Amino acid sequence: MSTGLSAGQRTQFTSALDLLASKLLEDEARIGITFPYVTEPSGAWALMPASVSAGYSDTGWSHGNWFCGFWVGLLVAAGLHTRSDAYFGLARERMRLVTQRTDDPNTHDIGFIFESSALRLLHATGDLAQADIAMTAAQRLRARTIVTARGAYLSSWGPLDDARARAASAIDTMTNLPLLYWAAGHSGDESFLLAAEAHAKTTRAGMVRDDWSTWHAVEYDTRSGARRRGYTFQGYADESHWSRGQGWAILGFAATAAATGNADYIDIAAHLFDAYRRCLGDNPIPPWDFDDPRGAAAPRDSSAGAVVANGLLRMADLTPDAAQAARWRGFALTTLEALCREALATDPRHRGLLRHGVYSMPQGIGTDSAVLFGDYFFTTALMRVLYPGAFVAADQKLS
Ligand code: GLY
């Protein structure tokens, strides 16, 4: 199949996946039953068991292990790339550890966890046991729906008997929606689609500023649906433009367009991308937050670039406008080339695939690191362009 890549891009992207495949095997021999999440300054992975759930401690919020599914997804991608069954065997073993999170009642992140693991295994191998696992998680995620007078949204963080949790919604949730979209198609139960699309509509109304930048988090009035305040947990400031959050929104609205067949959501993703592009300058790898006062000297977040590249590739596949598709795909490929050139972790002391990601600057976790979601979304974008349809379903053009 023609993938429309230049020979140079094909070589560069293939080498990145080769590197991933060899590092995964090396790390599998070292990590026991724990999962990598960010690299330490030494380059070694910091590790945590899959079982660590999210929760409040006093006023702080801990995300827990929302990374574990990404490791499974990376193993599946490596299996497809190398055509070696060894990776699928490892992925299935890892799923035994990840599956315990299907009933986690504390977090929207079960969307990330099971879309990147069970659904990748299902898609690549046809193993229907993975569909059952993903359906259980999707029911948990749908149960986070909060219905207000203005519409519904998914609560992001915390147990639902906690008033703080019921009121909280984060921009990251937009990229947890694909699990619900898949569940609707798989089960024929449209309530998964209704919940996810309602969340997307509420996010458009409540989390996007007039200049099309996004708040990281919003506290809603759970009765009226009015926004009480916009704030940040991982960005520079409550009113700042956090680049990865913008990426989650772009990718989530592209996924919503694909699931609903409604091109209006591509227009929303396009406006969000234009706002991101305007802030970017010449380097396609964004600063971690566009409002960091260090400006061009602010640390970059490679993971944000990888997330946005996925959004653009989906938008390009979905839009019937050929010229627009070429621009979006072109920018996605430029971003992937820059990531290969400037962020690939070729030094064996540095674990992970992509250096220079930022997990959480305010909390001081993984501030210039490989971050597992960055590796996953980078790999997903590479798989989209090198092996269309093999790792993630290809999008059909909307009319
Ligand atoms: N909590 C999702 C993120 O770090 O982007």
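FYI, the numbering just counts along the sequence from 1. Just follow the structure's listing: the first ligand is 1, and inside any ligand the first atom is 1. Below, each value reflects all heavy atoms present in this structure, side chains not excepted, and no hydrogens, waters or symmetry copies. Keep in mind it's a predicted model, so treat the numbers as computed, not measured.
- Within ligand 1, counting atoms from 1 as listed, the ones closer than 4.0 Å to a heavy atom of His63 are 1 (N).
- Listed by number with element, the atoms of ligand 1 under 4.0 angstrom from any heavy atom of Trp66 are 1 (N), 2 (C), 3 (C), 4 (O).
- Distances shorter than 4.0 angstrom occur between a heavy atom of Trp248 and an atom of ligand 1.
- Looking only at side-chain heavy atoms (C-beta outward), Met207 and Met174 stay at 4.5 Å or farther from each other.
- Side-chain contact, Asp291 with His241: no donor N or O sits under 3.5 Å from an acceptor N or O.
- Distances shorter than 4.0 angstrom do not occur between any heavy atom of Phe112 and any atom of ligand 1.
- Using a 30° and 60° split on the angle between ring planes, Tyr220 and Tyr153 fall in the tilted class, from 30° to 60°.
- Contacts between Trp242 and ligand 1 below 4.0 angstrom, taking non-hydrogen atoms only, involve the side chain exclusively.
- Counted by atom type alone, His350 and Arg355 present one or more donor-acceptor pairs between their side chains at under 3.5 Å.
- Looking at atom 1 (N) of ligand 1, its nearest protein heavy atom turns out to be Asp172 OD2, 2.8 Å.
- Counting only N and O atoms by type, the side chains of Asp274 and Trp212 include no donor and acceptor under 3.5 Å apart.
- Per-residue contacts place Tyr359 under 4.0 angstrom from the following atoms of ligand 1 (heavy atoms of the residue considered): 4 (O).
- Protein heavy atom nearest atom 3 (C) of ligand 1, with residue, atom name and distance: Arg244 NH2, 3.3 Å.
- Using a 4.5 Å cut-off on side-chain heavy atoms (C-beta onward), Trp242 and Gln246 make no contact.
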